Amino acid sequence: MPGLKRFPLTAFPVENHVAYKLHQHKDYAELVIVTGGSGNHLLEHESFPIARGDVFFIPLGVTHGYSDCKDLCLINIMFDPRGLQLPEAQLQQVPGYHALFTLEPALRAQQAFGGRLQVDDVALNHLQELVAPLNREILECKPGYEVASTALLCGIMVELARRYSALTAPMPQTLVRLSALLEWLEKNLEKPITVELLAEKAHMSRSTLGRCFRECFGVSPMSYVIELRVRKAEQLLRDGATQIRDVAQKVGIDDANYFARLFRKHTGLEPSAYRSRYRVSRIHSVA
């Protein structure tokens, strides 16, 4: 997409969308708002009917396509989340954000698109009104268009996340509850965490919680917690100012020896070696 070379965000309407074979984009994600007509959205092993009012997100690297398009019209918002300075911490506080932009795409094949966002005509017209200034900013490229465009995208994402959290169907509500749990985990990694506590926070039974995590992430809830703790430890070690024993405590592991074994199992390195390697690579990149 040529426009994304200048700035990692673009938005445009597509009239009479044609069939498009399976493909993937490694450089940008897509937010799709269907404004008219109908068709099928293709994944590698599944296809799902789409029509006016459907809204869905296609993450980086996901193989997809379109078929059986009949007067299909849509809005494509394409962006590279790695290149935009999105306020992720703030966006994740919006109920429905994780559910719409992370969990629903991950579960799409398993739950037959039953968790997608669908909006009525009033909401669809409002979304089109929100996208119009984003399109103008990107086309006109006036001074400051980068920050203005990013702010407009964030506004659209917040609007969609709020609408997703208001859905009453069982699948979206399950994803929203799991989304709130993930946000809680990010803020409470230093605390003792058990499956019982996670199930309580998610308002689910242990079996339902386990099934949701396996479907979304391919691991058990506690395995996900461990992976999250290791990723957080990696971040703290890269920052360099925190003692390794304190890093362990900040991610909820009181035993420094156990923390070292766990970290080595997941990264292949001792915490001290990981920190040293990162320091060396950072020095070389500066040099």
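Because the structure is predicted, anything quoted here is derived from the model rather than measured.
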I'd like to know if E104 and R116 make a salt bridge, using a cut-off of under 4.0 Å between side-chain N and carboxylate O.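 No.
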
Minimum heavy-atom distance [X]-[Y], with the two atoms named:
X    : Y    : result
S220 : S223 : OG-OG, 3.0 Å
S67  : L42  : OG-CD2, 3.5 Å
V131 : A11  : CG1-CB, 4.5 Å
V251 : R229 : O-NE, 2.6 Å
T174 : C212 : CG2-SG, 3.6 Å
P87  : C154 : CD-SG, 3.4 Å

Look at the rings of H41 and F56 and say which category their plane angle falls in: under 30° parallel, 30 to 60° tilted, over 60° perpendicular. tilted

May I ask you to decide if the ring planes of Y66 and H17 are parallel, tilted or perpendicular, using 30° and 60° as cut-offs?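 Rings of Y66 and H17: tilted, as their planes differ by 30° to 60°.
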
Would you kindly say whether [X] and [Y] are connected by a side-chain donor-acceptor distance under 3.5 Å?
X    : Y    : result
R238 : Y274 : yes
H64  : E30  : yes
Q90  : Y97  : no
Q24  : T63  : yes

Would you indicate whether the side-chain heavy atoms of [Y] and [X] approach each other to under 4.5 Å?
X    : Y    : value
V32  : I58  : yes
E44  : V62  : no
L198 : V225 : yes
H126 : R163 : yes
T35  : P13  : no

First locate atom [atom1] of [X], then atom [atom2] of [Y], and finally report the distance between them rounded to the nearest 0.5 Å.
X    : Y    : atom1 : atom2 : value
L178 : L209 : CG    : CG    : 7.0 Å
L160 : F101 : CG    : CZ    : 5.5 Å
L22  : L43  : CG    : CG    : 8.0 Å
L236 : R275 : CG    : CZ    : 8.5 Å
L182 : L228 : CG    : CG    : 8.5 Å
R136 : C141 : CZ    : SG    : 14.0 Å

More than 12 heavy atoms of other residues, nucleotides or ligands under 6.0 Å from [atom1] of [X]: is that the case?
X    : atom1 : value
R231 : CZ    : yes
E196 : CD    : yes
Q85  : CD    : no
R82  : CZ    : yes

Test your reading of the model: is there a side-chain donor-acceptor pair from [X] to the backbone of [Y], 3.5 Å cut-off?
X    : Y    : result
R162 : P95  : no
Q173 : S165 : yes
D54  : A51  : yes
R214 : V219 : no
N188 : K191 : no
N125 : D121 : yes
R245 : A256 : no
S149 : L134 : no
S179 : L175 : no

Can you check whether Y28 and F79 have ring centres sitting under 6.0 Å from each other? no

Is the Y20-H23 ring centre distance short of 6.0 angstrom? yes

Do [X] and [Y] sit in one hydrophobic cluster, given that two such residues count as connected whenever their side-chain heavy atoms are within less than 4.5 Å of each other, even indirectly?
X    : Y    : answer
V14  : L72  : yes
L91  : L60  : no
V147 : L130 : no

Passes side-chain contact (heavy atoms from CB on, under 4.5 Å), F48 versus N40? Steps please. CA-CA 5 Å; F48 311 103; N40 282 329; over 6 Å; no

Just to verify, which of [options] counts as forming a side chain to side chain contact (heavy atoms under 4.5 Å, CB included) with [X]?
X    : options            : value
L181 : E200, K201, M204   : K201
V55  : L74, I75, L31, I50 : L31
L9   : I138, D80, L86     : I138

side-chain contact (heavy atoms from CB on, under 4.5 Å) between L237 and F263, intermediate numbers included: CA-CA 11 Å; L237 289 167; F263 192 88; 3.5 Å; yes

Go through the steps for K187 and Q93 under the test side-chain contact (heavy atoms from CB on, under 4.5 Å), then give the verdict. CA-CA 11 Å; K187 296 177 180 178; Q93 294 176 17; 4.2 Å; yes

According to ring pair (Phe, Tyr, Trp, His ring centres under 6.0 Å), does anything in residues 182-211 pair up with another residue at least two apart or in another chain? List the pairs. none

Go through the structure and list residues passing ring pair (Phe, Tyr, Trp, His ring centres under 6.0 Å) with Y145, not counting sequence neighbours. F7

Using the side-chain contact (heavy atoms from CB on, under 4.5 Å) rule, take F57 and T102 through it: C-alpha gap first, then chi angles, then the decisive distance, then the call. CA-CA 9 Å; F57 180 65; T102 303; over 6 Å; no

Would you please test E190 and K250 for salt bridge (Lys or Arg N to Asp or Glu O under 4.0 Å) and show each step? CA-CA 5 Å; E190 78 285 357; K250 284 179 179 294; over 6 Å; no

